[in-house]
Amino acid sequence: MKLTYRVEDGARLGALLWEFGPGWRMISSALLGGGIGAREWVLNAQVVAGYSRMDPVDHLLSLGPEGDGVGMLTAASVDRCVRASDGGVEAYATVGLRVPTWAAAPEGAADPELAPMRVGTINIVTVLPVAMTDAALVNAVMTVTEAKSQALIEAGFPCTGTASDAVCVAAPADGPAELFGGPRSEWGARAARAVHAAVRQGAEAWRPHDFK
């Protein structure tokens with residue numbers, strides 16, 4: 001993981017880059033490189049809290065390296081990224097909780113604080129050391145999300161996340177593929193514990209001034 005800085009919109013903003021290279025498959029909800037497929041890098045780029053650009057994919061492409069990758073945006077301070085590991089699984093989380101949100105909110109309860117382009121405030125990158133089927137990757141995303149929500153609630157935040165969180169799970173492309181990624185599977189359980197630890201630490205250390 002490499003941390004760099006740039007000046008944009010009058011602010012000094014960080015970006016985290018994981019360069020995996022060939023031989024990896026990823027599943028992601030990110031704007032750039034979302035879905036399931038071969039990816040070589042992951043970028044988690046910080047933007048200003050009032051981010052309103054309508055070309056986020058082009059923006060991410062301009063910040064990332066060549067080749068196919070995953071690009072996520074966040075208003076959280078990426079230099080406070082938290083890493084946790086469990087049994088060979090690594091989890092990285094950037095946590096910002098300016099607008100904590102319950103997933104099932106009443107209809108029409110849009111939050112006026114959200115910028116026109118809703119950038120992710122809790123971004124999670126999870127790296128597994130084993131190959132996984134497509135179904136297991138989808139299951140792993142569910143497990144990561146459940147572990148995130150558990151950590152936030154345990155940290156005292158009345159939310160399941162924010163309205164625009166992003167997740168990426170990376171796994172080797174080759175080798176025997178795991179069939180399961182749920183929280184009671186071998187690798188799903190390890191991913192859940194790693195993500196829970198990273199998000200819990202990030203949530204407990206979060207301060208509102210990160211967004212000023």
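On a predicted model such as this, the values are computed, not experimentally measured, just so you know. Along the sequence shown, residues carry numbers from 1. What you see below is based on every heavy atom in this structure, not just the backbone, and it leaves out hydrogens, waters and symmetry mates.
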Rounded distance (nearest 0.5 Å) linking atom CG of L63 with atom OG1 of T4 | 8.5 Å
Ignoring hydrogens and angles, tell me if any N or O in the side chain of Q46 forms a donor-acceptor pair with the backbone of L13 under 3.5 Å.
-> no
Sidechain-backbone polar pair: T143 side chain, G181 backbone, donor-acceptor under 3.5 Å = yes
Considering only distance and modelled atom types, tabulate donor-acceptor pairs under 3.5 Å from the side chains of residues 26-36, sequence neighbours left out.
unit_1: S28; atom_1: OG; unit_2: A30; atom_2: N; d: 2.9
unit_1: S28; atom_1: OG; unit_2: V167; atom_2: O; d: 2.9
unit_1: S29; atom_1: OG; unit_2: V167; atom_2: N; d: 3.1

Separation between NZ (K148) and CD1 (I153), nearest 0.5 Å, reads 10.5 Å
Which distance, rounded to the nearest 0.5 Å, do you find between the CH2 of W206 and the OG of S77?
-> 10.0 Å
Indicate if V138 and W187 have the same hydrophobic cluster label, given that clusters are the connected sets of ILVMFWY residues with side-chain heavy-atom separations under 4.5 angstrom.
-> yes
Side-chain heavy-atom pair N44, M72 within 4.5 angstrom cut-off | yes
Can you see which heavy atom on G64 is nearest to which on L43, and at what distance?
-> N-CD2, 4.0 Å
Shortest non-hydrogen separation from L128 to W24 and the atoms involved | O-CZ3, 3.7 Å
Do L61 and D58 come within less than 4.5 Å of each other through their side chains, counting heavy atoms only?
-> yes
Locate the shortest heavy-atom distance separating L97 from P100; write the atom from each residue and the value.
-> O-CD, 3.3 Å
Do you know which two heavy atoms are closest between V42 and C168, and how far apart they sit?
-> CG2-SG, 4.0 Å
V70 and W18, any side-chain heavy atoms less than 4.5 Å apart | no
Under 3.5 Å, which donor-acceptor pairs do the side chains of residues 192-200 form with other protein atoms, sequence neighbours left out?
unit_1: R193; atom_1: NE; unit_2: D86; atom_2: OD1; d: 3.3
unit_1: R193; atom_1: NE; unit_2: D86; atom_2: OD2; d: 3.0
unit_1: R193; atom_1: NH2; unit_2: D86; atom_2: OD1; d: 3.2
unit_1: H196; atom_1: NE2; unit_2: E154; atom_2: OE1; d: 2.6
unit_1: R200; atom_1: NE; unit_2: E204; atom_2: OE2; d: 2.6
unit_1: R200; atom_1: NH1; unit_2: E154; atom_2: OE1; d: 3.1
unit_1: R200; atom_1: NH2; unit_2: E204; atom_2: OE2; d: 3.2

So, do L16 and V125 sit near enough that their side-chain heavy atoms are less than 4.5 Å apart?
-> no
Do V99 and T121 have side-chain heavy atoms sitting under 4.5 Å apart?
-> no
Partner set under ring pair (Phe, Tyr, Trp, His ring centres under 6.0 Å) for W41, not counting sequence neighbours = none
Joint hydrophobic cluster, V95 plus V141, side-chain heavy atoms closer than 4.5 Å | yes
How are the rings of Y51 and H59 set relative to one another: parallel (under 30°), tilted (30 to 60°) or perpendicular (over 60°)?
-> parallel
Sidechain-backbone polar pair: S185 side chain, G188 backbone, donor-acceptor under 3.5 Å = yes
Decide yes or no for M1 and C81: does some side-chain heavy atom of the first lie under 4.5 Å from some side-chain heavy atom of the second?
-> yes
Going by the salt bridge (Lys or Arg N to Asp or Glu O under 4.0 Å) test, which pairs reach into residues 137-146, not counting sequence neighbours?
-> none
Quick one: closest heavy-atom pair of G14 and V78, and the distance?
-> C-CG2, 3.4 Å
Run through T94, T74, L152 and flag the one making a side chain to side chain contact (heavy atoms under 4.5 Å, CB included) with I122.
-> L152
What's the spacing between D165 CG and I124 CD1 if we round to 0.5 Å?
-> 7.0 Å
Can you check whether F180's main-chain N or O pairs, donor with acceptor, with N139's side chain at less than 3.5 Å?
-> no
If two hydrophobic side chains count as joined below 4.5 Å and joins carry through other members, does V48 share a cluster with Y5?
-> no
To the nearest 0.5 Å, what is the distance between CG (L73) and CG (L60)?
-> 4.0 Å
Which pairs count as salt bridge (Lys or Arg N to Asp or Glu O under 4.0 Å) when at least one residue sits in residues 8-34, sequence neighbours excluded?
-> K2-E19, R6-E8, R25-D134
Out of curiosity, does L179 fall in the hydrophobic cluster containing V144 (side-chain heavy atoms, cut-off under 4.5 Å, transitive links)?
-> no
Salt bridge (Lys or Arg N to Asp or Glu O under 4.0 Å) contacts touching residues 171-180 (sequence neighbours left out) = none
